[in-house]
Amino acid sequence: MIKKILNFPISIRSVTFDLDGTLLDTVPDLHAAARATLTELGLPECGEDDIRRWVGRGILHLVSCFVACKDDDALYERATQIFRRHYAYFNGRAAKPYPGVLSGLERFHALGKKTGLRMAVITNKSATFTEPLLLSSGLAPYFEFAVSGDSLTEKKPHPLPLLHACERLGSSPAFNLHIGDSRHDVGCARAAGCPVFLLPYGYNEGGDVRKLDCDAIVESLDHAADLIAAQ
């Protein structure tokens, strides 16, 4: 499933990972929180497939989609507060790693011990929910830190999160591989000057990642680790 000939540096020094749709399927938790929010507001429910199409730009965008309240500031603010409360309860309860994630992270971790490869997470999820999710899913030990959607003044697809992460990881963008599942990951990586792999099973707002300008489409994190180990 490799999309094109890989032309990034042989010695990848760090890897950054998207979270929702790349490492974890978090839609069940998000959907549960959205349903609870809509019920509390007395509004019609939305489907899980709807949530899958709306994930990727952070909570504010997600709430504006399932409540359809872009033109009602009061409702938007109330719905956002309610959703945050419900999501704090559901966050991590049903989220599961995708196939190949745990074994892939183990392989990247082994590469780290051998070559000094360092790893971090970059997500548009609010920091309030990122850390508890990484801990509850058992993924936290694999990463040095997480850059969340509200950690900096900009979030993906702006390059700042990746540039910030590269600096903290002691790596230059050209030697940092970013792995994600959406056009926001591609936009962020390309703007920062990082090579980027995409996984086909994520969200991408319902679009086909094969149409995006990435360096490779990989079947799993195991597959990504294979490609890096072979360089």
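Starting from 1, each residue takes its place in the sequence as its number.
When the side chain to side chain donor-acceptor pair (under 3.5 Å) test is applied to Asn204, no partner is found at least two apart in sequence or on another chain. With sequence neighbours excluded, no residue forms a ring-ring contact (aromatic ring centres under 6.0 Å, His included) with Phe145. With sequence neighbours left out, the side chain to side chain contact (heavy atoms under 4.5 Å, CB included) criterion links Leu135 to Ala140. Taking the ring-ring contact (aromatic ring centres under 6.0 Å, His included) definition, one finds that Phe90 meets it with nothing, sequence neighbours left out. Residues that satisfy the ring-ring contact (aromatic ring centres under 6.0 Å, His included) test with Phe143, not counting sequence neighbours, are Phe17. Remark: Asp49 pairs with no residue by the side chain to side chain donor-acceptor pair (under 3.5 Å) rule, at least two apart or across chains.
The stretch residues 194-206 participates, sequence neighbours left out, in these salt bridge (Lys or Arg N to Asp or Glu O under 4.0 Å) pairs: Arg57-Glu205, Arg183-Glu205. Counting only residues at least two apart or on different chains, no salt bridge (Lys or Arg N to Asp or Glu O under 4.0 Å) pair has a member in residues 92-103. For the side chain to side chain donor-acceptor pair (under 3.5 Å) condition, the pairs that include at least one residue of residues 115-124, sequence neighbours left out, are Arg118-Glu144. Residue pairs satisfying the salt bridge (Lys or Arg N to Asp or Glu O under 4.0 Å) criterion with at least one member in residues 17-38, sequence neighbours excluded, are listed as follows: Asp18-Lys156, Asp20-Lys125, Asp25-Arg52, Arg35-Glu45. Pairs of residues two or more places apart, or lying in two chains, that qualify as salt bridge (Lys or Arg N to Asp or Glu O under 4.0 Å) and include a residue from residues 99-116 are Arg107-Asp226.
Here the side chains of Val15 and Ile228 are not in contact, with every heavy-atom distance at 4.5 Å or above. Using a 4.5 Å cut-off on side-chain heavy atoms (C-beta onward), Ser182 and Asp185 make contact. Looking at Leu41 and Leu75, their side chains come closer than 4.5 Å, going by heavy atoms from C-beta outward. Using a 4.5 Å heavy-atom cutoff, the side chains of Val147 and Thr130 are not in contact. Proximity of Thr37 to Phe66: side-chain heavy atoms (C-beta onward) are separated by under 4.5 Å at one or more points. Two residues are said to be in side-chain contact when any heavy atoms from C-beta on lie closer than 4.5 Å; Phe83 and Leu60 fail this criterion. Asp181 places a side-chain heavy atom less than 4.5 Å from the side chain of Tyr203. Counting only heavy atoms from C-beta outward, the side chains of Ser64 and Tyr76 approach each other to under 4.5 Å.
His178 contributes no side-chain N or O that, together with a main-chain N or O of Val196, makes up a donor-acceptor pair within less than 3.5 Å. Within the 3.5 Å criterion, the main-chain N or O of Thr128 finds no donor-acceptor partner in the side chain of Ser126. Of the possible polar contacts, none joining the Asp215 side chain to the Phe197 backbone as a donor-acceptor pair under 3.5 Å is found. Asp150 contributes a side-chain N or O that, together with a main-chain N or O of Ala127, makes up a donor-acceptor pair within less than 3.5 Å.
Residues Ala174 and Pro195 share a closest heavy-atom pair of O-CD, 3.8 Å. In plain terms, the two heavy atoms of Thr22 and Tyr201 that are nearest each other are O-OH, 2.8 Å. Minimum interatomic distance between Ala192 and Pro173 (heavy atoms only, all atoms of both residues): O-CB, 3.1 Å. Of all heavy-atom pairs between Tyr98 and Gly202, the closest is OH-CA, 4.5 Å. For the residue pair His109 and Tyr142, the shortest heavy atom distance occurs at CB-CD2, 4.2 Å. Val67 and Ala79 make their closest contact through CG2-CB, 3.8 Å (heavy atoms, listed as atom of the first residue, atom of the second, distance).
Clustering ILVMFWY residues whenever any of their side-chain heavy atoms sit less than 4.5 angstrom apart, transitively, puts Leu133 in a cluster other than the one holding Ile122. There is a path of hydrophobic side-chain contacts, each under 4.5 Å, that joins Val63 to Leu30. Hydrophobic clustering (side-chain heavy atoms under 4.5 Å, transitive across Ile, Leu, Val, Met, Phe, Trp, Tyr) groups Val55 together with Leu23. When hydrophobic clusters are built by joining Ile, Leu, Val, Met, Phe, Trp and Tyr residues whose side-chain heavy atoms come closer than 4.5 Å, directly or via intermediates, Leu19 is grouped together with Leu62.
Annotation: the span from Ile179 atom CD1 to Leu199 atom CG amounts to 7.0 Å, rounded to 0.5 Å. A distance of 6.0 Å separates NE2 of His31 from CD1 of Ile51, quoted to the nearest 0.5 Å. Rounding to the nearest 0.5 angstrom, the gap separating the CG atom in Asn176 from the CZ atom in Arg13 is 11.0 Å. If you take CG on Asn91 and OG on Ser136, they are separated by 6.0 Å, rounding to the nearest 0.5 Å. The distance from atom CD1 of Ile12 to atom CZ of Phe175, rounded to the nearest 0.5 Å, is 8.0 Å. Atom SG of residue Cys214 and atom CZ of residue Arg190 lie 7.5 Å apart, to the nearest 0.5 angstrom.
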Determine all donor-acceptor pairs shorter than 3.5 Å in which one atom belongs to a side chain in residues 158-170; sequence neighbours excluded.
| from | atom 1 | to | atom 2 | distance (Å) |
| --- | --- | --- | --- | --- |
| His158 | ND1 | Leu160 | N | 3.0 |

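Donor-acceptor pairing under 3.5 Å is recorded for the side chains of Ser103 and Asp222.
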